[in-house]
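For the numbers below, each heavy atom of this structure counts, side chains included, while hydrogens, waters and symmetry mates do not. Everything quoted here is computed from the prediction, not taken from an experiment.
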Amino acid sequence: MTELEPLYLIKVTCMCCEQSFQTSRVRTSFKKTAKTDSDFCIHYKTVNPDFYVVRVCPFCGFSFTENFSDRLTPKHKHLYLDKLGKNWNGLDLTGERDWNEAMQSYKLALLCAQIKEEKDRVIAGLLHHIAWLYRYKDNKEQEKRFLEFALESYVKVFETEGEDVNNARLMYLIGELHRRLGNYQKAVLWFGRVINDKKIMDSAMIRACREQWVQTREDMLAAKLDLPDEMKEGGS
């Protein structure tokens, strides 16, 4: 019996040049998790499926994920071709990717999402994934930079489409990114909103917010910062 390779190919169509191409995905059986960080960043034991999320068209370079809306207006197509597509050098990122190629694919997708005026949640997800890629390399400066960009976009998502998304998860994530960036007072406020909102029934996110509320208190004590009154008794 032939041993399966970690990668397999799927066929997709570029929404810009409309040509079909194949791109790699990771088989489910090879997705082995080592640990998951508190902002949902997964660390994998072997092959990292996140390296293959972005589909990069080898013909025109337009890069997208399955979360992109499936239509490109003539205006956006013209903008893309003018800014990036006309200089595309035929780079092929459809096969196996290393960290550098994965990063290149995400930054291309981010540019395409911005040109295409994708929804804030799509842009926020790309920014957050770029921060994770820097985390894998322990590049704290760039990780922090992209976590700040991601946080800004997640707040926009909450303000513009909060009713249409998983509010508790989004609010938790905003709180957790604030905590990771050292904005402890804001982190406490966001975690508290989930914990104290009687309409929120997501028990997993309420529990996670309680845990990170406690973690934020510990972070503040470790940094020798003054605790807000509601934290002085050690619980929310």
Side-chain angles (χ1 to χ4, degrees), residues 5-28 30-31 40-42 44 46-137 139 141-154 156-157 161:
E5 292 291 321
L7 302 180
Y8 67 98
L9 293 169
I10 60 166
K11 187 177 179 181
V12 293
T13 301
C14 175
M15 67 182 79
C16 183
C17 69
E18 298 178 12
Q19 294 210 59
S20 294
F21 63 96
Q22 291 188 313
T23 189
S24 298
R25 298 289 293 267
V26 177
R27 293 184 197 280
T28 305
F30 285 87
K31 296 177 183 177
F40 310 125
C41 173
I42 301 173
Y44 293 92
T46 51
V47 189
N48 190 333
D50 278 1
F51 283 17
Y52 301 93
V53 165
V54 178
R55 295 120 181 230
V56 182
C57 175
F59 303 107
C60 72
F62 191 83
S63 304
F64 55 103
T65 72
E66 59 187 21
N67 294 324
F68 276 47
S69 58
D70 57 9
R71 188 167 172 270
L72 196 63
T73 66
K75 180 189 90 167
H76 291 142
K77 187 179 290 194
H78 176 76
L79 263 177
Y80 168 74
L81 292 171
D82 189 53
K83 287 189 176 182
L84 285 175
K86 68 180 182 186
N87 299 315
W88 183 246
N89 58 9
L91 178 68
D92 190 342
L93 293 175
T94 58
E96 189 175 347
R97 292 176 187 168
D98 60 18
W99 182 91
N100 290 308
E101 289 165 334
M103 179 61 81
Q104 197 168 8
S105 74
Y106 273 103
K107 288 192 172 175
L108 281 167
L110 178 61
L111 286 169
C112 291
Q114 289 166 335
I115 289 169
K116 189 178 181 296
E117 297 178 284
E118 266 295 347
K119 287 187 173 178
D120 288 316
R121 60 186 158 85
V122 173
I123 290 171
L126 292 168
L127 290 164
H128 202 176
H129 273 81
I130 291 170
W132 292 346
L133 283 173
Y134 281 121
R135 187 178 303 169
Y136 297 142
K137 288 287 189 187
N139 185 334
E141 185 184 343
Q142 287 297 332
E143 179 196 342
K144 179 175 183 280
R145 182 169 164 251
F146 277 91
L147 284 179
E148 285 169 348
F149 292 149
L151 174 57
E152 193 180 321
S153 286
Y154 282 130
K156 274 191 203 167
V157 175
E161 48 180 300

List the atom of C16, the atom of Y80, and the distance in Å for their closest heavy-atom pair. SG-CD2, 3.7 Å
Decide if the gap between the ring center of H128 and the ring center of Y154 is smaller than 6.0 angstrom. yes
Report yes if some heavy atom in the side chain of C57 is under 4.5 Å from a heavy atom in the side chain of F21; otherwise report no. yes
Rounded to the nearest 0.5 Å, what's the gap from CZ on R135 to CD1 on I130? Could you check? 13.5 Å
Is there a side-chain contact between R97 and S105 (heavy atoms, below 4.5 Å)? yes
Beyond-backbone contact of K75 with E117, side-chain heavy atoms, under 4.5 angstrom: yes
Under 3.5 Å, is there a donor on one side chain and an acceptor on the other for E118 and S69? yes
Are the charged groups of E148 and K144 less than 4.0 angstrom apart, N to O? yes
Can you tell me if W132 uses its side chain to pair, donor with acceptor, with the backbone of I42 under 3.5 Å? no
Is any side-chain heavy atom of K116 less than 4.5 Å from a side-chain heavy atom of F62? yes
Can you find a heavy atom in the side chain of L133 that is under 4.5 Å from one in the side chain of F146? no
Can you find a pair of side-chain heavy atoms, one from Y52 and one from T23, that are under 4.5 Å apart? no
May I ask you to say whether R55 pairs ionically with E66, meaning some side-chain N is under 4.0 Å from a carboxylate O? yes
Main-chain N/O of E5 paired with R27 side-chain donor or acceptor, under 3.5 Å: yes
Tell me whether Q142 contacts the main-chain N or O of N139 through its side chain, where contact means a donor paired with an acceptor under 3.5 Å. no
